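Here is the structure we will look at.
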Protein chains: 2
Amino acid sequence: MFVPAPDATITNCRNCPLRRKPLFLPFSDSELSFMEQFKVGELVVAPGVTLLEEGQGSAHLFTVLSGLGIRSTMLENGRRQVINFLFPGDFIGLQAGLAGEMRHSVESTTTMVLCVFNRADLWDLFREEPERAYDLTWIAAVEEHFLGETIASLGQRDATERLAWALLRIHERLSAIGLAERGRVPMPWRQQDLADALGLSLVHTNKTIRRLRETGHALWEGGTLFVDRERLATLALADPDRPRRRPLI
Amino acid sequence: MFVPAPDATITNCRNCPLRRKPLFLPFSDSELSFMEQFKVGELVVAPGVTLLEEGQGSAHLFTVLSGLGIRSTMLENGRRQVINFLFPGDFIGLQAGLAGEMRHSVESTTTMVLCVFNRADLWDLFREEPERAYDLTWIAAVEEHFLGETIASLGQRDATERLAWALLRIHERLSAIGLAERGRVPMPWRQQDLADALGLSLVHTNKTIRRLRETGHALWEGGTLFVDRERLATLALADPDRPRRRPLI
DNA sequence: CGACCAGTTGACGGATATCAAGTAGAGTGG
DNA sequence: CCACTCTACTTGATATCCGTCAACTGGTCG
């Protein structure tokens, strides 16, 4: 379930945690070359654009205003892990350690609109606008919580449970920001993306989704997703018949 | 690899991110009953004590001064996931969303010494001591980065790789804070804990560790760990013969 | 001495990865 | 308008990693 930061609605740049640091855009021309369109304070990127690249330093931080994306990393063995999906309201780039190089890539899945900030302005923010800084930390903490949930799913749930959990989570998150229409939300990612997010093979992901479709738990087609919340939640909780790994006290 | 926060050494309470908020301890007597020993500003707990319990609200935040612990969560199906191991320098409790209820448990593995803070003081900190607040956010960001790495390991590495990665990581982290003696670091956790952290069964964890021991990659016995860093790192990087799941462009 | 706990080992089965092949739709160029 | 290509999605067959079961060891604590 998505919990918006206190006093942070997500409609335009004025509501970003860093809003009072209006960005003067110190991108070089070449840095800007991949960008589609641009206006002061906002960055609009087409689908499929790599915003941040693993291994590259970045002088910027972003807030997602609209659109959906992916944060992923490549292992040394060539495998790809999707760390999380990006939704409006997410903050991008803090994880680098506030000052370092990216260890993950960020890519747009749909057209995205982002707020851009100078990393260097961050310290000013803390000094001059504690309220905004607090919001920022709040967002980081919530995100950390979500990552913990993901770890639990990857570690302890089987394929069906993981899919159920992921689809439910995506649906809830998109519904919470008002993107549901008659129970359907946009679902622009590929099966491969979901597979890479859940640590499953593409084939097994496909077959599991088919089963969820056949049983009426979730319908994902044509780029939209419909879910039977209650039944899907039951699935995500796991089979009670399955023996517990360890009673733990 | 552990990256200490700028200007934050980890020896005593004066160096906590929140150090200037000396804690007057608003624990009730009953809250305190489980604690072993107590002095102003520091909390000393015995091994095996549950500091924070899943589902409970907590008015406090902690910084680990010394000792080792575990942060874990229970799934609805009774399985346990260790989210991360706790080392000196870690900050505990922020993930609850800065104001909410715990969704994970924190337990001491060895005797731990902690700094205790009032959650309510956090806002004052942001307003009055931006430098400390910045450090705090920095810590949260680094932690988030580590969780991302964990997600990648759980999703994309097989059992041997995961174990190699985990042992290496623990060894490096403990070495970085000076707890290595002639290449050996304390390793107080059980195989079950490691298994729960890596999403593996206890049996398989045991057998994999045995193989690492037999091949001289890592020696874990008597509560201490020795590793052959280079060879273990090679293992963690994964078998290059294994086909790549997807070339990705 | 018995209970209990962490660690250990072998046998077996199942969930999931891999391999292989095929379908459908969108874009491209002749 | 028709090959041709490319990508996403499908589906069946086979292989294997890893989970589960069961039993045993050694240490500690009462």
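Keep in mind that this is a model prediction, so the values were computed, not measured. Quick note on labels: first sequence line is chain A, next is B, and so on, each numbered from 1.
What separates CG of Leu163(B) from P of dC18(D) is a distance of 10 Å, to the nearest Å. Put simply, NE2 on His204(A) is 17 Å from P on dC9(D), counting in whole angstrom units. Separating the CZ atom of Arg211(A) from the C1' atom of dT16(C) is a distance of 10 Å, rounded to the nearest angstrom. For the pair Asp193(B) CG and dC5(C) P, the computed distance is 14 Å after rounding to whole Å. What separates CD1 of Ile209(A) from C1' of dT10(D) is a distance of 12 Å, to the nearest Å. We find that CD of Glu161(B) is positioned 14 Å from P of dA17(C), with the value rounded to whole Å. One interatomic measurement links the two molecules: CG of Leu154(A) to P of dT16(C), which rounds to 13 Å at whole-angstrom precision. When rounded to the nearest whole Å, the span between CZ of Arg190(A) and P of dC6(D) equals 16 Å.
Residues Thr160(B) and Gln191(A) both approach DNA chain D. Their nearest nucleotides, taken by heavy-atom distance, put Gln191(A) toward the 5′ side.
Of the charged side-chain nitrogens involved, at least one lies within less than 4.0 Å of a carboxylate oxygen, so that Asp193(A) and Arg80(A) count as a salt-bridged pair. Ion pair Arg157(B)/Glu76(A) flagged as a salt bridge, since at least one NZ, NE, NH1 or NH2 atom sits closer than 4.0 Å to an Asp/Glu carboxylate oxygen.
Proximity note for Arg79(B) (side chain, C-beta onward) versus dT20(D), dA8(D), dA17(C): the nearest is dT20(D). You'll find that the side chain of Asp158(A) is closest to dT16(C), out of dT16(C), dC9(D), dC18(D).
Closest of all the heavy-atom pairs between Leu174(A) and Pro186(A) is CD1-O, 3.1 Å.
Between Phe85(B) and Trp189(B), the ring planes are tilted. Angles from 30° to 60° get that label.
In this structure, Thr110(B) contributes its side chain and Leu68(B) its backbone to a donor-acceptor pair below 3.5 Å.
Side-chain N/O atoms of Arg184(B) and Thr224(B) include a donor and acceptor closer than 3.5 Å.
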Which protein N or O atoms sit under 3.5 Å from an N or O of nucleotides 11-13 of chain D?
{"residue": "dT11(D)", "atom": "OP2", "partner": "Arg210(A)", "partner atom": "NE", "Å": "3.4"}
{"residue": "dG12(D)", "atom": "N7", "partner": "Lys207(A)", "partner atom": "NZ", "Å": "3.0"}
{"residue": "dA13(D)", "atom": "N6", "partner": "Lys207(A)", "partner atom": "NZ", "Å": "3.4"}

